[in-house]
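Throughout, a chain's letter reflects where its sequence line sits, starting with A, and its residues are numbered from 1.
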Amino acid sequence: MQTPPLPKGTRDFYPESMRIQNFIFDIWRKAALRFGYEEYEGPMFEHLELYTGKSGEEIVSQLYDFKDKGDRHIALRPEMTPTLARLVIQKGNSLKKPFKWFSIPRLFRYERAQKGRLREFFQLNLDIIGTESIYAEADLLSAIAYMLMDFGLKTEDFSIGVSSRKLLNAYLAEIGVSEVSKVYPVLDRRLKIEKEDFYSELAATGLSLEQTKKLDQFMDSKSIEEVEAKISSDESKAALDEIKQLFKTLQASGAGKSITLDLSIVRGLAYYTGIVFEVFDKGKSMRAIAGGGRYDSLCEKLGGDKVPGVGFGMGDVVLANLLEERGLLPSSKQSLDFFVASFTNDMDKIFEVAGKFRKLGYSVNHPLSPTKLGKQMEQANAQGAKVVVYVDGEKAPAGGFEYKVLSTGTLGAGTLEEIAQLKV
RNA sequence: GUGGGUGUAGCUCAGUUGGUUAGAGUCCCAGAUUGUGAUUCUGGUUGUCGUCGGUUCGAGUCCGAUUACCCACCCCA
């Protein structure tokens with residue numbers, strides 16, 4: 001038969017790519033743990049209703065779904081938040097709140113692949129459940145800033161744009177717009193479409209020219225002062241106060257340099273209730289690195305009690321593209337502490353000595369069949385070994401070994417303990 | 001779902017106005033070198049020229065269709 005190809009929008013992870021993937025996951029995980037988030041996981045597929053309940057039926061065309069043998073309608077998870085909400089609802093009041101959780105789920109979306117966007121990918125998710133406090137947002141946003149810096153990015157390499165659904169809602173009410181569900185999708189595309197289309201599409205949702213004009217100007221606001229001058233209602237002021245506090249706290253946390261007010265950020269779906277944010281590389285040459293917001297009514301929508309929550313997702317694809325472009329990815333080459341070789345192909349001795357080094361915690365490899373020494377050296381070099389240890393060198397001291405440091409070509413002999421010190 | 005670009009060796013690519021047996025580099029394998037790798041030299045393997053059809057004495061090359069990938073649009077949790 002002909003070998004079937006790699007499915008559309010998926011990736012193979014040969015060892016070289018897997019090392020890069022692990023590098024990213026390690027930094028993600030360490031950063032999340034450093035901020036006190038606990039890791040959780042869920043199944044890779046869920047009942048379809050978990051997603052339609054939150055986002056409506058349209059979502060079905062954009063995910064992988066199937067009927068299982070028990071005629072259950074199943075979907076491969078396209079995002080993690082509904083699973084998280086399910087976990088929260090199931091445990092009910094027994095979870096001590098607030099709590100901070102993270103996960104690195106493998107996600108699936110049925111859509112056409114393009115740069116920065118695949119059908120199967122990974123996404124770091126950080127969420128804080130059980131508090132309406134704006135300091136939860138502050139915690140998440142500083143975690144983002146710190147972890148991006150862990151990757152070697154500078155604060156001026158990325159920007160975290162912050163907006164607020166609460167503020168936008170209040171302002172819409174202020175200018176007399178009540179039917180907001182149709183308005184949001186248009187607002188979300190505001191910067192992508194022509195000005196006249198923006199006006200005509202909003203007119204189609206029932207907005208007057210004057211309302212649209214005000215809204216357009218409002219969303220152009222670049223500073224808190226600018227917004228302050230445009231709003232008047234108590235609701236708007238309360239929403240803006242929240243943003244003020246958030247910015248102040250982020251300054252104190254050290255993440256302030258990357259944060260900007262950007263009211264053009266709306267985000268597609270309807271369940272966000274407060275702060276929304278998106279992270280971009282400077283220059284916005286790529287898709288969003290991360291995005292998220294507050295979803296205080298999600299659990300309620302999915303059949304549980306009302307539990308406030310806020311969180312974000314950061315995909316591996318765009319991030320890896322960005323790090324690659326900036327030269328911040330590590331070498332994808334294998335590395336080993338020691339390679340154990342033998343002049344006489346004494347395989348048993350090789351296994352014995354390799355075992356001794358491994359017991360000390362070092363990574364060790366050796367030939368798997370009798371091979372002449374030149375080949376063994378080639379293998380050691382190809383596998384990134386730092387030191388080759390010869391098990392049967394004639395110049396070795398009693399109980400010790402001859403060795404060669406590959407980077408310098410230095411030959412020597414010493415005891416196991418002395419050789420162990422060479423690795424670094 | 002819509003539009004554009006590209007398909008030649010495992011990888012990166014060359015291939016003349018259509019002409020005979022399709023090339024280079026790299027990778028891989030072996031040897032030079034039986035107690036020493038990465039640098040050097042020598043030799044070797046690798047192809048349904050994406051697929052199907054058309055034009056032609058003759059197609060990797062021209063035409064049509066199709067398919068895959070890439071890029072953009074739609075959408076973006």
Side-chain angles (χ1 to χ4, degrees), chain A residues 2-12 14 16 46 50-56 58-63 75-85 105 107-119 121 123 125 127 184-185 188-189 192-193 265-272 276 278 286-288 290-293 295 298 301 311-315 317-318 333 336 339-346 367 370-396 401-413:
Chain A
Q2 210 177 3
T3 312
L6 177 71
K8 196 191 276 285
T10 64
R11 292 167 288 176
D12 288 325
Y14 285 89
E16 306 84 77
E46 296 269 8
L50 190 66
Y51 305 109
T52 53
K54 174 191 154 195
S55 315
E58 332 79 70
I59 198 121
V60 177
S61 67
Q62 291 166 60
L63 49 71
L76 299 186
R77 63 185 179 195
E79 57 167 325
M80 198 56 173
T81 315
T83 296
L84 172 61
L107 303 177
F108 307 86
R109 292 180 188 174
Y110 192 83
E111 54 191 356
R112 193 175 290 228
Q114 49 189 290
K115 191 176 176 118
R117 193 183 194 188
L118 300 174
R119 289 185 166 186
F121 59 97
Q123 189 186 63
N125 276 248
D127 290 272
Y184 276 130
D188 190 35
R189 287 185 297 137
K192 289 184 185 171
I193 59 180
I265 292 170
V266 177
R267 291 185 71 71
L269 290 188
Y271 68 90
Y272 286 119
V276 287
E278 286 180 349
M286 296 181 178
R287 288 171 183 284
Y295 47 86
L298 181 60
K301 275 190 182 166
F312 73 85
M314 180 184 293
V317 184
V318 175
K333 229 189 138 214
L336 281 175
F339 189 92
V340 179
S342 165
F343 296 109
T344 61
N345 285 309
D346 187 340
T371 326
K372 59 183 184 181
L373 194 62
K375 287 290 156 206
Q376 298 183 51
M377 296 303 293
E378 223 172 81
Q379 200 184 330
N381 191 55
Q383 294 178 356
K386 296 183 180 72
V387 178
V388 176
V389 177
Y390 306 95
V391 298
D392 42 12
E394 288 155 358
K395 297 171 204 141
F401 310 98
E402 283 182 36
Y403 64 83
K404 179 170 187 175
V405 180
L406 287 183
S407 58
T408 59
T410 313
L411 292 165

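For B/C11 and B/C28, the C1' atoms lie 11 Å apart once the distance is rounded to whole Å. Comparing B/G60 with B/U8, their P atoms are spaced 15 Å from each other, to the whole Å. One P atom belongs to B/G37, the other to B/A30, and the distance between them is 15 Å to the nearest Å. Only the C1' atoms considered, B/A68 is 31 Å distant from B/C29, to the nearest whole Å. Rounded to a whole angstrom, the distance from the C1' atom of B/A9 to that of B/A14 is 13 Å. Annotation: B/A22 and B/U40 have their C1' atoms spaced 30 Å apart (nearest Å). Separation of the C1' atoms belonging to B/A72 and B/U66 is 22 Å when rounded to the nearest angstrom. Between B/A38 and B/A32, the distance separating the two P atoms is 14 Å to the nearest Å.
The listed nucleotides are B/U36, B/C76, B/U34; the one nearest the side chain of A/Arg109 is B/C76. The side chain of A/Arg112 approaches B/C73 more closely than any other nucleotide in the set B/C73, B/G35, B/A38. Here the nucleotide nearest the side chain of A/Lys375, chosen from B/G35, B/G31, B/C75, is B/G31. Among the nucleotides B/U36, B/A77, B/A72, the one closest to any side-chain atom of A/Ile59 is B/A77. For A/Arg287, the listed nucleotide lying nearest its side chain is B/C76; candidates were B/G35, B/C76, B/A77. Listed candidates were B/C75, B/U36, B/A77. Nearest to the side chain of A/Glu79 is B/A77. Comparing atom distances between the A/Asn381 side chain and each of B/G37, B/G35, B/C76 picks out B/G37 as nearest.
Of the residues A/Gln123, A/Arg11, A/Lys115, the one that meets the side chain to side chain contact (heavy atoms under 4.5 Å, CB included) test with A/Val317 is A/Arg11. The ring pair (Phe, Tyr, Trp, His ring centres under 6.0 Å) test with A/Tyr390 is passed by exactly one of A/Phe343, A/Tyr403, A/Phe401: A/Phe343.
For the pair A/Glu378 CD and B/U40 C1', the computed distance is 14 Å after rounding to whole Å. Atom CE of A/Met286 and atom P of B/C71 are 12 Å apart (whole Å). The separation between A/Gln62 atom CD and B/C73 atom C1' is 14 Å, rounded to whole Å. The nearest whole Å value for the distance from the CZ atom in A/Arg117 to the C1' atom in B/A77 is 11 Å. Protein atom OH of A/Tyr14 is 12 Å distant from nucleotide atom P of B/G10, rounded to whole Å. Following rounding to the nearest Å, A/Lys372 (NZ) and B/G37 (P) show an atom-to-atom distance of 11 Å. Atom CD in A/Gln379 sits roughly 11 Å away from atom P in B/A30 (whole-Å rounding). Look at NZ on A/Lys333: it is 10 Å from C1' on B/G37, rounded to the nearest Å.
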### Check against side-chain contact (heavy atoms from CB on, under 4.5 Å), A/Val276 and A/Phe312
CA-CA 9 Å; A/Val276 287; A/Phe312 73 85; over 6 Å; no
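Using a 4.0 Å heavy-atom cutoff across all strands shown, A/Gly409 reaches at least one base atom of the nucleic acid. Looking at heavy-atom distances under 4.0 Å, A/Glu402 makes contact with a base. Among the atoms of the strands shown, only primed sugar atoms or phosphate atoms (P, OP1, OP2) are found under 4.0 Å from some heavy atom of A/Arg189. Nucleic acid contact class of A/Leu107 (heavy atoms, under 4.0 Å, all strands): none.
Rounded to the nearest 0.5 Å, atoms CZ (A/Arg77) and CD (A/Glu46) are 8.0 Å apart. Distance check: A/Gln376 CD to A/Gln379 CD gives 7.5 Å after rounding to the nearest 0.5 Å.
Pairing partner, B/G1: B/C73, with both Watson-Crick or wobble hydrogen-bond distances short of 3.5 Å. Across all strands shown, B/U26 is found opposite B/G10 as a Watson-Crick or G-U wobble partner, with both distances under 3.5 Å. In this structure B/G64 sits in a base pair with B/C52, meeting the Watson-Crick or G-U test at under 3.5 Å. The nucleotide B/U20 finds no pairing partner, because no Watson-Crick or G-U wobble arrangement with both distances shorter than 3.5 Å includes it.
Pairing each heavy atom of A/Ala113 with each of A/Gly9, the nearest pair is CB-CA, 3.9 Å. Listed here is the closest heavy atom pair of A/Val60 and A/Thr52: CG2-CG2, 3.7 Å.
At B/C69, one or more side-chain N or O atoms of A/Lys8 fall inside 4.0 Å of OP1 or OP2 (strictly under the cut-off). In this structure, A/Gln114 reaches the B/A72 phosphate: one of its side-chain N or O atoms is under 4.0 Å from OP1 or OP2.
Proximity of A/Leu84 to A/Asn125: side-chain heavy atoms (C-beta onward) are nowhere separated by under 4.5 Å.
Of the two residues near RNA chain B, A/Leu6 and A/Arg267, the one whose nearest nucleotide lies more 5' is A/Leu6.
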